[in-house]
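The chains referred to below are lettered A, B, ... by the order of the sequence lines, with proteins before strands, and numbering in each begins at 1.
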Amino acid sequence: MTATTSVAQSPRRRFWGRMFKNPLGIFSMIWFVILLIAWVWPELLATHDPLQQDVTLQRLFEGPSRDHWLGTDQLGRDWYSRVIFGAGYAFRSILIAMTIAVVVGVPLGLFSGWRGGRVDRAIMWVNDVLFSLPIILLAMAVIIILTPSLDNAMIGVGIAMSTRFTRLTRAVTLQEKEELYVDSARITGLSTRTILARYIAPNLLSSLIVQAAIISGAIILIGATLSFLGIGASLDDPDWGVMLNRSRELFRVEGVWQVVPPGMALILTVLSFNLLGDAIRDAIGRDSSNNALSITKRTAVTAATTPHATGPDVVLSVRDMDVEFPDQSGRVSQILQGVSLEVRAGETLGVVGESGSGKSMTMLSALGLTPAPGRMTRGSVQFGGRDVTNLTESEWQAIRGKDVGVIFQEPIAVLNPAIKVGRQIAEPLMIHQNLSKKAALQRAGELLAEVRVPDPVRRLDQYPHEFSGGMAQRAGIAMALACEPKLLIADEPSTALDVTVQGQILDLMAEVQERHKMAIILITHDLGVIAEAADRVLVMYGGQVVETASADDIFFRPKHPYSRALLDTMPQSHDGHGELPVIRGMVPSATAWPQGCRFAPRCDFVTDACTNDMPALETIGGDLVRCVRHGEIQLVPEEEMQA
Amino acid sequence: MSGSAFFEVDDLHVHFASRAKLFRETPPPVKAVNGISFSIEPGKTFGLVGESGSGKSTVARAILQLVDVHAGTIRLDGDDVTNVPRPKELAFRKKVQAVLQDPFSSLNQVHQTRRIIGDGITRHFKIKPGPEREQRIINLLDEVGMSTEFLDRYPYEMSGGQRQRVSIARALAVEPELIIADEATSALDVSIQSQVINVLQRVQAETGVAFLFIGHDLEVVKHVSDDVGVMYLGYLVEQGDADAIYEGPTHPYTEMLVASIPMPNPIMQASRRELRQSFNNDAEPPSPARMPPGCPFENRCPVALDICREEMPEPSPAHHGGQVRCHLHTSGPELGGESVVEFIKTEARGQVAV
Amino acid sequence: MAKYIGFRLLATIPLMFAIAVVTFLIAVAMEANGSIAIQVCGEGATPECVSAVEENLGLDDPIPVRFIQWLGDVVSGDLGASLLDENASVAGLIGERIWASVSIVGFSLVIGITIGMVMGIMAAIRPGGLLDRSLSIVAASVIAAPGFIIGMMLSWGIAIELGWLDPIGYTPLSESVTGWFTSILLPSIALGMPTIAIVQRQLRSSMANALQSRYVLAARARGVGRAPLIRRHALPNAMVPTITVFGFRAAAAIGLTTAVEIVFGIRGMGELLVTAILNRNVTVLQGGMLIVGLVVAVVNLLVDISYGFLNPKVRLAK
């Protein structure tokens, strides 16, 4: 759904707010502060001189004690103090390698990405070759050319790591370069330097910080590995890797404790850098896709109070459906409120509304497909006379695709890019009709021919990216029709297509409905599409049904001010070039529904009564309308009434 | 089409080179725009309409110096502004601004409204951030119907309609002579679209700025435009007075486009559908990388002639005072610039075989 | 597909050439230091000794000529003799040791991808569940742990305390299959554990993305059950980024095996390279790096080929 106005909060405050809410982020920040102190002022934390040996040889290989918090090593030196001093070596490594990596990598990536073309390809080829070589090997190459030392090794690591920054910077630059706001900046007349520094760089910064945190961890790991191999830090230094190098023979004899102090320091440090990177990424993220993963628990659904539509021809009947979504902070928004609808065999029900009106959510929830973490909290759904409100996922599987087919808005995005189109059309046939793969594929070819895809047999063997939007939508219709469902739900089936293709798709749907006598629910924002195809119309606004009526009544005798206003704002309703009628204000968001009638703030007929209580959905001669003033207001001009 | 027009595009061609491939012949360039000519008078609006792949946005990007022009000239106030060299770019930017399609990505997410609008003022009028610039920004916001509370908003704190108003204010900030609106209202809800269209028209009435309004919805384009051009696969197939073209199209593709727009009225739509179905044809447009030698609409055209398969027609005068590129007017039935509506209604049913 | 593999094979040639150039340049850089001759003749070497060594190594010729000669030797399998022992051919030294390293890296990668995939899928089935959350904490910790520390822990726990396996040594495959297997088991697990964690993490997150996609929603709307949804719809798409990450890890593992081998007292490429660095034995180092570089190139090739199987767009574009 569309993003809407939220309470203004500066990005910086939101960032720290999220960081401090993340326990792993807090852990890594605390560890980070301790390490910083250990680096800048190790004497503050250390209890002993890290190099002070026990000349008496009495206190070697000790375990933790009051005097030696982490015990002593083979020379009786204090493990705790040695580990504290080791932090300095780790940070020195990061400083050297990171400086080289950023200074070389970022400008190169920025240049390569912005420049593009051959220069870019040449730079990236060399970069990718270096990128694919093990970093340890590159560090070894530098060490042997210079002399073995941790600082020299870090020069090699820095060069190797620069390839990571080049890649990232280039990728972000390429991506941002394509964004319209960069075009806009050029159109405004800003110089390339300004665009790079003030437009691209800020958008790059967040990715770079995340990458830098994770790479810092990797630098420490590699530094420790080289020191462990004896080609990094000097063997006299209190460096974690060197300590582990000394322990590697001793642990077999003296026990594993000899590995633990430096090992744990190393692991915790790398871990905290990784966690810090993750926490920063989560805190920066504008969308919180990760939170949407949490499982929605099945909860009891409050029963509907309105009786269901009855009759042998009622295919789908929904009553009093509420759907709720908790947001990140745990606040619950009601996306749908008291939605009721029914559709009969052979009939097309048009559902119309603007973005955020809840029309797609109605369809998904009626099929038990409410996306997590949303859930249906009230209502009742009957399919072919059977109560399906509380079906389990596997019970639903037997219905979806067999008794009800769905056509979606983005025809290419709903096809699996890795599976041949024929195989995808065959899928429901194999599941619901137990056809063999061969028989199902043959039937898929017939279905493609039925929706008039040219050369259907060859098309079966193609992948979705080889289809145009119009052809992909035909394949989508074939898929939905495969098991001859009783109900076809089409969610904006032609919106993403060119207008001349839209007509073909609508004709096709009318044709298959005629042939199979199915019920169709057609969801659209376009009243023109409704006028073309719908028998009955349901108008939605702000997660509610505001009016249902026959198609003729909606267009010629609307009862709800919103239905009328929606019709008026369409440019088709006007000849000439004068000012268009508007609906003032903006579409409300589910986090802040207006008090009373949800359309009241934008309505021309608003009175005090409208803003006090939410109007009920009233039945008037078989039609429904949600407006307290429906009897008293005149929505149809006099001359049209007479016509 | 006189040489003295305020803004003029003459025989514009834009090609995109295909990337060279190892061991294989380099494919020919994709011809995105093929010989397009039109002009705009001061304070008027020229509408360019077409479906995806028609090249309408490429025309905008060519004028805006975002892609290179292959051949042809663009003139503004009599000056040649085709592929403007760097030193002259700033002066060109002062005169031509744009409102782009996607209200999300056309504003930098890390900048507040004040900065988005103010950058152009500082750049072109050398007014540093301060009370004078602030007042100008407030005036611009007022012009697009927004209050001062939006000064400190980030794009993600605004709705699509509000973001598009900020885009308009940004374009107006440099006091341009021409604004190119590329699908400026396409991503908006109907009720918001009409608000933004009204803002654009009010701005034009107040400042006298000319518009090049680009869109895929003929109804919207017709509503805001004085003249329109209809594009199909890189060609301008018909152009002329907006209302006259809508009422009496002379090119079969224009007619198909009109017939394809659903009317929000079941009775009118029933007759439109009938008209639309006379184009009953499941053929797809040819790929821009492999264009046929003749008219690109030939395979979808219900009244195509043999000659249509072989050569691309040249522009000829049409009844609405504009031009049309279709053989029907010069060969075969020789409609001579008259509307194609009645002809298609009768011919399409009897299946022409000229 | 054959065409695609052929194309990738051709694309590997420039990569191998680049690796050869880099390796060659290491020697050039070292002699610019004058460190090669010093290594052979000792500190305070006589000029006679230095020039004799340089002539012996053919250092008088111009660099491009030497590169072509060197490359010719390399292609014919001659990597020269060890700088410190004229009787030891570099190719022979590498031949003695490479199979231990290849066994450990190869088996660690097998462990990494199989167990990593199983755990990744298990976590993705119930995102946010107990299993998912505990696996993600374990994975984060294991990724932070270098293989040689895990190796010391395993060696102490399983080999020394429990006495199940030998803590050190390597048995070639030609001697005994079970001996070979038990000797590489612990080092492979040590090197493979971070790989498992990396694969698990990546697969879990790309599976989660795939399961949220529109095509999975559409498949559910067709009545596709949970198991085929994961196996047929989500997994192939989620594998593409996972293979990328796995490829990076494979290259890293080739470098990191050096430290693991030393923990387990295995005389593999790790020991050879480290000794060569400490002795500044340039010919051995050059040969060793070249061979390791070629192994990396082969791994990259395999990763590229597996893209072709997973992603039809990649395959058909060529």
Side-chain angles (χ1 to χ4, degrees), chain A residues 126 129 132-137 140-141 143-145 148 217 221 224-225 228-231 244 247-248 251-252 255-256 259 263 266-268 270-271 274-275 289 292-295 367 369 393-394 397-402 406 408 410 413-419 427-428 431-432 463 465 479, chain C residues 15 18-19 22 26 29-30 33 126-129 140-141 143-146 148-149 152-153 155-156 160 167 208 212 214-215 217-226 232-233 236-237 251-252 254-256 258-259 262-263 273-274 277-278 280 282 285 289 292-293 296 300 310-313 316:
Chain A
V126 173
V129 167
S132 67
L133 294 173
I135 298 167
I136 295 226
L137 217 59
M140 284 178 174
I143 290 171
I144 194 164
I145 292 170
L221 258 183
T225 306
F228 174 80
L229 288 171
I231 50 178
L244 289 162
S247 307
R248 84 179 188 224
F251 80 91
R252 296 206 182 87
V256 79
V259 181
L266 182 60
I267 292 173
L268 281 175
V270 177
L271 180 64
N274 290 351
L275 292 177
S289 57
L293 285 176
S294 51
I295 296 174
L367 296 181
L369 289 171
E393 182 70 15
S394 57
Q397 280 159 20
I399 297 176
R400 297 187 203 128
K402 178 167 171 283
V406 185
F408 293 91
E410 318 94 328
V414 300
L415 291 172
N416 191 325
I419 304 178
E427 200 169 29
I431 296 169
H432 299 296
Y463 286 94
H465 70 270
M479 214 176 290
Chain C
L15 173 63
I19 291 168
V22 171
I26 291 171
M30 277 184 73
N33 265 355
R126 286 184 68 84
S141 319
I143 288 174
F148 64 89
I149 293 185
M152 288 195 268
M153 295 294 178
S155 174
W156 173 76
I160 296 171
Q212 282 187 322
R214 300 292 288 172
Y215 59 78
L217 178 67
R220 284 180 69 197
R222 294 197 293 269
V224 178
R226 191 99 188 143
R232 219 165 42 224
H233 286 270
N237 290 294
I254 291 168
L256 293 169
T258 50
I262 282 170
V263 169
L273 289 174
V274 170
I277 289 170
L278 293 175
R280 308 184 78 69
V282 69
L285 192 81
M289 288 200 158
V292 173
V296 172
N300 277 347
L310 291 168
N311 187 349
K313 261 187 222 172
L316 296 169

Subject >> Proximal component of A:N416, with respect to chain C [non-hydrogen, under 4.5 Å] >> reply: both
**OP:** Apply side-chain contact (heavy atoms from CB on, under 4.5 Å) to A:L244 and A:L266, showing your working.
**Re:** CA-CA 10 Å; A:L244 289 162; A:L266 182 60; 4.0 Å; yes
Original post:
Hey, are the side chains of C:F148 and C:V263 touching, using non-hydrogen atoms and a 4.5 Å cut-off?
Top reply: yes
Original post:
In terms of heavy-atom pairs under 4.5 Å, which option from A:G401, A:A224, A:G230 contacts chain C the most?
Top reply: A:G401
Original post:
Between C:V22, C:I254, C:L15, C:I19, which has the largest tally of heavy atom pairs under 4.5 Å with chain A?
Top reply: C:L15
Subject >> A:R252 side chain near C:W156 side chain, heavy-atom distance below 4.5 Å >> reply: no
**OP:** Report the residues that fulfil salt bridge (charged side-chain N to carboxylate O under 4.0 Å, His left out) with C:R226, sequence neighbours left out, ordered by chain and then residue number.
**Re:** none
Subject >> Derivation of the side-chain contact (heavy atoms from CB on, under 4.5 Å) call for A:L229 and A:M140 >> reply: CA-CA 11 Å; A:L229 288 171; A:M140 284 178 174; 4.2 Å; yes
Subject >> Structural part of C:I277 lying under 4.5 Å from a heavy atom of chain A >> reply: both
Original post:
Per the side chain to side chain contact (heavy atoms under 4.5 Å, CB included) rule, which among A:L369, A:V406, A:I431 passes with A:R400?
Top reply: A:L369
Original post:
At what distance, to the nearest 0.5 angstrom, does CZ of A:F251 lie from CD1 of C:I149?
Top reply: 11.5 Å
Subject >> Residue, of C:S141, C:G255, C:A221, that accumulates the most heavy atom pairs under 4.5 Å with chain A >> reply: C:A221
**OP:** Could you have a look at A:V256, A:I136, A:V129, A:L271 and say which one has the most heavy-atom pairs with chain C under 4.5 angstrom?
**Re:** A:V256
Subject >> Between A:L133, A:V414, A:L275, the one whose heavy-atom pairs under 4.5 Å with chain C are most numerous >> reply: A:V414
Original post:
Looking at residues at least two apart in the chain, or sitting in another chain, which of them share a salt bridge (charged side-chain N to carboxylate O under 4.0 Å, His left out) with A:R248?
Top reply: none
Subject >> A:I419 portion near chain C, given a 4.5 angstrom heavy-atom threshold >> reply: side chain
**OP:** Just give me the residue among C:N237, C:N300, C:V292 that pairs up with chain A most often, heavy atom to heavy atom, under 4.5 Å.
**Re:** C:N237
Subject >> Which portion of C:I160 sits near chain A, non-hydrogen atoms under 4.5 angstrom >> reply: side chain
Subject >> Residue A:F228 versus chain C: region with a heavy atom under 4.5 Å >> reply: side chain
Subject >> A:I267, part contacting chain C, at a heavy-atom distance under 4.5 Å >> reply: both
Original post:
So, C:H233 versus A:E427: side-chain donor-acceptor pair below 3.5 Å or not?
Top reply: yes
**OP:** Work out which heavy atom in C:A145 is nearest to a heavy atom in A:L221; give both atom names and the distance.
**Re:** C-CD2, 4.5 Å
**OP:** Please flag which part of A:S394 lies under 4.5 Å from any non-hydrogen atom of chain C: side chain, backbone, both or neither.
**Re:** neither
Original post:
Do you know which of A:G217, A:P148, A:P417 has the most heavy-atom pairs under 4.5 Å to chain C?
Top reply: A:P417
Original post:
Side chain, backbone, both or neither: which part of C:V296 has an atom under 4.5 Å from a heavy atom of chain A?
Top reply: side chain
Subject >> Per-residue contact mode, C:I143 against chain A (heavy atom under 4.5 angstrom) >> reply: both
